[in-house]
Undergrad: 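Sharing a structure with you now.
As a basis for the values below, the full set of heavy atoms in this structure was taken, side chains included, without hydrogen atoms, waters or symmetry mates. Residue numbering restarts at 1 for every chain, and letters A, B, ... go by the order of the sequence lines. Note that the coordinates shown come from a computational prediction; the quantities given were computed from them, not determined experimentally.
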Amino acid sequence: MTQTDRTRLFDRIYALVREIPPGRIATYGQIAGIVGCTARVVGYAMAATPDGGGVPWQRVINSRGEISARPGDGASRQRALLDREGIRFSPAGRVALDEVRWSGPGWEWLERNGYDPGA
DNA sequence: AGGTTGACAAAGG
DNA sequence: GCCTTTGCCAACC
């Protein structure tokens, strides 16, 4: 590996988020558990995610099933994007994670990216 | 080289 | 079910 590990870490997160299909929602903890880091790092990586980079950052929310506060006022934009994908929000602004929760990437994707599906 | 910050999560009250 | 505290690890200053 010619690049530093930290670059690979962000790259892993972006690659994984990119695998989230439309109409599906993943939590920070879920992503963190797969890439092998804490949820906070995932949140920081999302904050550094460039718009239009092909990374559906909008499909990543907190474990409470709600859009967490983020710099600026892009929260409503994220909500609009998810609503466009068919995600329904509760009156409290929360989503039913039990229904739209992402099942995670396929085992072949994991193996292809150097993960260990058995673990 | 060291301290602070942060799009969080899990546990406790 | 909601709010507070604790732990977490990488990026940023």
Side-chain angles (χ1 to χ4, degrees):
Chain A
M1 43 187 85
T2 58
Q3 311 236 357
T4 56
D5 285 350
R6 64 172 174 78
T7 303
R8 286 211 302 138
L9 176 61
F10 271 67
D11 191 26
R12 278 186 220 169
I13 297 174
Y14 295 148
L16 185 59
V17 174
R18 206 176 287 117
E19 288 301 311
I20 304 176
R24 221 59 142 170
I25 293 298
T27 63
Y28 295 99
Q30 187 174 4
I31 302 297
I34 297 174
V35 301
C37 69
T38 60
R40 244 187 182 150
V41 177
V42 177
Y44 208 90
M46 291 286 105
T49 305
D51 290 358
V55 181
W57 54 271
Q58 57 228 43
R59 294 172 194 154
V60 183
I61 62 178
N62 56 15
S63 62
R64 294 182 289 188
E66 197 166 37
I67 302 173
S68 51
R70 41 158 247 155
D73 51 323
S76 44
R77 178 170 60 189
Q78 177 174 5
R79 208 211 101 124
L81 286 167
L82 293 177
D83 185 67
R84 185 197 294 175
E85 294 185 355
I87 302 296
R88 291 193 180 184
F89 287 81
S90 292
R94 302 205 309 220
V95 300
L97 284 175
D98 299 322
E99 296 182 359
V100 299
R101 175 75 97 128
W102 182 39
S103 306
W107 60 269
E108 20 179 285
W109 187 94
L110 292 171
E111 237 179 28
R112 197 194 324 150
N113 281 266
Y115 293 97
D116 187 6

Undergrad: Between B:dA7 atom P and A:R77 atom CZ, what is the distance in whole Å?
TA: 15 Å
Undergrad: Respond yes when some side-chain nitrogen or oxygen of A:R94 is under 4.0 Å from OP1 or OP2 of C:dC2, and no when none is.
TA: yes
Undergrad: Quick check: on DNA chain C, is the nucleotide nearest A:T38 upstream (toward 5') of the one nearest A:R64, or the reverse? Name the residue that is more 5'.
TA: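 Result of the comparison: A:R64.
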Undergrad: Both A:Y44 and A:C37 contact DNA chain C. Taking the nearest nucleotide for each, which residue is further toward the 5' end?
TA: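 Nearest-nucleotide comparison on DNA chain C picks A:C37.
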Undergrad: For A:N62 and B:dA7, what is the distance between atoms CG and P respectively, to the nearest whole Å?
TA: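 Taking atom P of B:dA7 as the reference, CG of A:N62 is at 12 Å.
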Undergrad: For A:R79, answer base if it contacts any base atom (sugar-phosphate contacts may also be present), sugar-phosphate if it contacts only those atoms, and nothing otherwise; contact means non-hydrogen atoms under 4.0 Å.
TA: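 Here A:R79 touches no strand at all.
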Undergrad: Whole Å only: how far is the OH atom of A:Y28 from the P atom of C:dG7?
TA: 23 Å
Undergrad: Calculate the interatomic distance between A:I13 atom CD1 and B:dC8 atom P; express it in whole Å.
TA: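 Roughly 14 Å, once rounded to whole Å.
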Undergrad: Should the pair A:D11-A:R18 be classified as a salt bridge under the 4.0 Å nitrogen-to-oxygen rule?
TA: no
Undergrad: Measure the spacing between SG of A:C37 and CG of A:L9 and express it to the nearest 0.5 Å.
TA: 5.0 Å
Undergrad: Between B:dA9 and A:S63, is there an OP1 or OP2 to side-chain N/O distance shorter than 4.0 Å?
TA: yes
Undergrad: Send over the distance from A:I25 CD1 to B:dA7 P, rounded to a whole Å.
TA: 19 Å
Undergrad: For A:I87 and A:R59, run side chain to side chain contact (heavy atoms under 4.5 Å, CB included): C-alpha distance rounded to whole Å, both residues' side-chain angles, the deciding distance at 0.1 Å, then the answer.
TA: CA-CA 10 Å; A:I87 302 296; A:R59 294 172 194 154; over 6 Å; no
Undergrad: Rounded to the nearest angstrom, tell me the gap between atom CD in A:Q30 and atom C1' in B:dC8.
TA: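 Checked: the CD to C1' distance equals 14 Å.
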Undergrad: Can you check whether A:S68 has a side-chain N or O nearer than 4.0 Å to OP1 or OP2 of B:dC8?
TA: yes
Undergrad: Whole Å only: how far is the CZ atom of A:R8 from the P atom of C:dA11?
TA: 13 Å
Undergrad: Taking any heavy-atom pair under 4.0 Å as a contact, classify A:A69: base, sugar-phosphate, or nothing.
TA: sugar-phosphate
Undergrad: Do A:Q30 and A:R101 pair up side chain to side chain, a donor and an acceptor below 3.5 Å, judged on atom types alone?
TA: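 A:Q30 vs A:R101: donor-acceptor pair found between side chains.
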Undergrad: Could you check which of C:dA10, B:dA9, B:dA7 has an atom nearest any side-chain atom of A:A39?
TA: B:dA9
Undergrad: For A:R40 and C:dC12, what is the distance between atoms CZ and P respectively, to the nearest whole Å?
TA: 16 Å
Undergrad: Using the six-membered ring of A:F89, assess whether NZ or CZ of A:R94 lies under 6.0 Å from its centre and within 45 degrees of the ring axis.
TA: no
